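Accompanying notes for the structure given below.
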Amino acid sequence: MHDLSFFRGNLEAIAARLATRGFELNLEEFRSLDAERRAALAETEGLKALRNAESVEIGKLRKQGVDTSARQQKVREAGERITLLDQKAAELEERFRLLLASVPNLPHESVPAGRSERDNVEIHRWGEPRQFDFEPKAHWDLGPEMKILDLERAAKIAGARFAVYWGGGARLERALINFMLDVHTREHGYTEVLPPFLVNSASLYGTGQLPKFAQDLFKLEGTDFWLTPTAEVPVTNLFRDETLDGDRLPIKLCAYTPCFRSEAGSYGRDVRGIIRQHQFQKVELVKFTRADQSYDELEKLTGDAEDILKRLGLPFRRVVLCTADTGFSSAKTYDIEVWLPGQNAYREISSCSNFEAFQARRAGIRTKSGKGKAEFAHTLNGSGLAVGRTWVAVVENFQQADGSVLAPEALRPYLGAERITPQGEYR
RNA sequence: GGAGAGAUGGCCGAGCGGUUGAAGGCGCACGCUUGGAAAGCGUGUAUAGGGGAAACUCUAUCGAGGGUUCGAAUCCCUCUCUCUCCGCCA
C-alpha cells in the first residue's frame, strides 16, 4: 500500500516507475475516482457538521422547555440524506481503497529494469559444482529408489504435489530444520518464534497476499482461517498495529512453519519431484527495521541465508530480480539459487526481500525514536531456507555411487549419522 | 460444549442519552523552582481523512458491525476477543 498523499503528489513519476515492472497505472481512473470520493466526502461531512450543531442547539432548547419538533424534523431529513450520501461515499472509498491496494510497490533504484526473469542479474557465485564420476540422479529417482521419499502413497493419502518421507528422509528434513534454526538463533542473532499455521484475512491483507492473490491460498471452509502460505504472514503480523521503539530496531525473528500453497495456475510446472508442493517446510527470517537501516539489513539477511548453504557445502549463486520479476509487495528481491546436479541447473531456494514501508503501511507497523514522530517501519523477509528444496540439494549433491547420501559435516550431529542409507522396504 | 463477567486514550481508571475526544491518576515532554537532584507548581501530551498558504477548522474513531434517536461511550441486536466456573480433551 502506498502513502496516499505521496501517491497523489507524484502520480506521473510513480506511473513511469511502475511501468518498468510491467504495471500499467490508470491515471485517469485514479484521478477521477479520487475527485469523486473527495467530493462525496465533503458533502456528507458538511451535512454531518450541520446535524451536530443542530443537535446541540436542540438539546439546549429542550432543556428550556422550548418545542423543537420542527427542527427535529429538519435534522431527521438531513439524517436521511446523510445515510444515502454515506453509502455513496463508502462505496467510492472502497473502490478507491481497492484500486490503491492493487498497485504494486515501487522497485528500488538499484533494481535492474527488465521484462522477464531472463533479465535478472547474477550478483555472485559460491562453490564449485561437484564433478561426478557417475551419472548423478535427480531426487525424484534417487529418493524413491532409496525408499526415503514416497510420492505415490502421498498421492493416495492427500493428492498430487504432496510428499511422504520415510526413515532417513524424514530424519533429514527434521535435521535441516533444527540446523537452520540453531545457526540463525545462535550465530546470526535471530529470535525464534513458533506462530500459528492458520491465519486470518486481516493478516493476509497486512502482508499483501490479499486481496489480490486469494487464488494462491487454501481457505478453511466456513471460517476466516487460511493455511499460511509462508511464515512471513504470521510473523510480520506479530506487530500489526503496534509502534516499535526505533532504538531497539532491527528486530530479527526466525520461524519454522509448514507452508501451504494452492499452486493454482502452475499446472505442468515442476510436476516431478518435490520442487513445487502444496505443503512444504520452511525456516523464515523476518526483520523489522527503521527506514535508514533496511537496505543494509537486506544484505545481511541475504548473507545469513547464504551462510546455511556455505555451511552445508552446497554451491549457489545470488541474483537480483529485475523490475518485472520482483514480487508485488517488494521493493527489491534477491533470489538465492542452489546447484542441483540432478537437473544440471541452479534452482531457487530462498527469496530475500525488502518491502520498505509497503507492508507496514497496510499492517500499521510503526516505529518511533526518541521525541521523533512515529513513522512506518520497514519490513524484510527471506527464506532461511526452504527446507524441502534444501533436502533435494543435499540428496542430489552428496549422492554416492553406492546409492547412499554422504551427509555434510555440519549436519551429522543433527542426523545422528554420517550418511543416509537406503531404507530397504517400507514398513 | 454449558453458565457467568468484561472490553474506554501509552498504561490504570471514571462515565447521568445532550459543549465528553472523553473526568481523575500514572507515564512522557517542555518550563518554573534548585548549587544539583528529588519533591512541588504550571503547560502540553491520540490516530486517520477532508478543507486551508497558514493560523486554524470540519468529519470519523470509547473491541467490530448494524439499529433506535434531533443527538449514542452510554439504549437494542449480531459478531470477535479476554477472564472465571463446570464438562471434555493432547
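If you're wondering where the values come from, they're calculated on a predicted model, not measured in any experiment. Protein chains get the first letters and strands the later ones, always in sequence-line order, with residue 1 at the start of each.
Going from the C1' atom of A60(B) to that of A22(B) covers 15 Å, rounded to whole Å. Atom name C1', nucleotides C88(B) and G2(B): the rounded distance is 11 Å, in whole Å. Spacing of P atoms, C41(B) relative to G49(B), comes out at 39 Å, to the nearest Å. Between the C1' atoms of A55(B) and U47(B), the separation comes to 22 Å (whole Å). For the C1' atom pair drawn from A73(B) and U8(B), the interatomic distance equals 7 Å after rounding to whole Å. Rounded to a whole angstrom, the distance from the C1' atom of C26(B) to that of U45(B) is 13 Å. The separation of A54(B) from A38(B), taken at their P atoms, amounts to 39 Å, rounded to a whole angstrom. Taking the P atoms as reference points, C76(B) lies 15 Å from U68(B), given to the whole Å.
Between Glu45(A) atom CD and U59(B) atom P there is a gap of 8 Å when expressed in whole angstrom units. Protein atom CD of Glu375(A) is 16 Å distant from nucleotide atom C1' of U47(B), rounded to whole Å. Atom P of nucleotide G66(B) and atom CG of Asp86(A) are separated by 10 Å, given to the nearest angstrom. As rounded to whole Å, 14 Å separates atom C1' of G63(B) from atom CZ of Arg240(A).
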Item to check | Worked check of side chain to side chain donor-acceptor pair (under 3.5 Å) between Asn200(A) and Ser203(A) | outcome: CA-CA 6 Å; Asn200(A) 57 30; Ser203(A) 296; 3.0 Å; yes

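Contacts of residues 31-40 of chain A with RNA chain B (heavy atom under 4.0 Å): Arg37(A), Arg38(A).
A salt bridge links Arg37(A) with Asp34(A); the closest basic N to acidic carboxylate O contact falls under 4.0 Å. Glu232(A) and Lys282(A) are not joined by a salt bridge, as no carboxylate oxygen comes within less than 4.0 angstrom of a charged side-chain nitrogen.
Between Phe260(A) and His278(A), the gap from one ring centroid to the other reaches at least 6.0 Å.
Pairing of G65(B), defined by two Watson-Crick or G-U wobble distances under 3.5 Å, is identified with C77(B).
For the OP1/OP2 pair of G50(B) and a distance below 4.0 Å, the side-chain nitrogens and oxygens of Arg8(A) include at least one atom meeting the criterion. The side chain of Asn52(A) places no N or O atom within less than 4.0 Å of a non-bridging phosphate oxygen (OP1 or OP2) of U19(B).
If you check the side chains of Asp3(A) and Ser5(A), you find a donor sitting under 3.5 Å from an acceptor.
Remark: Lys300(A) NZ to Leu380(A) CG distance equals 11.5 Å, nearest 0.5 Å.
By the side-chain hydrogen bond (donor to acceptor under 3.5 Å, both in side chains) test, Asp296(A) is found to be paired with no residue, residues two or more places apart in sequence or in another chain being considered.
Picking from C70(B), A60(B), G50(B) the nucleotide with the shortest atom distance to the side chain of Arg62(A) gives C70(B).
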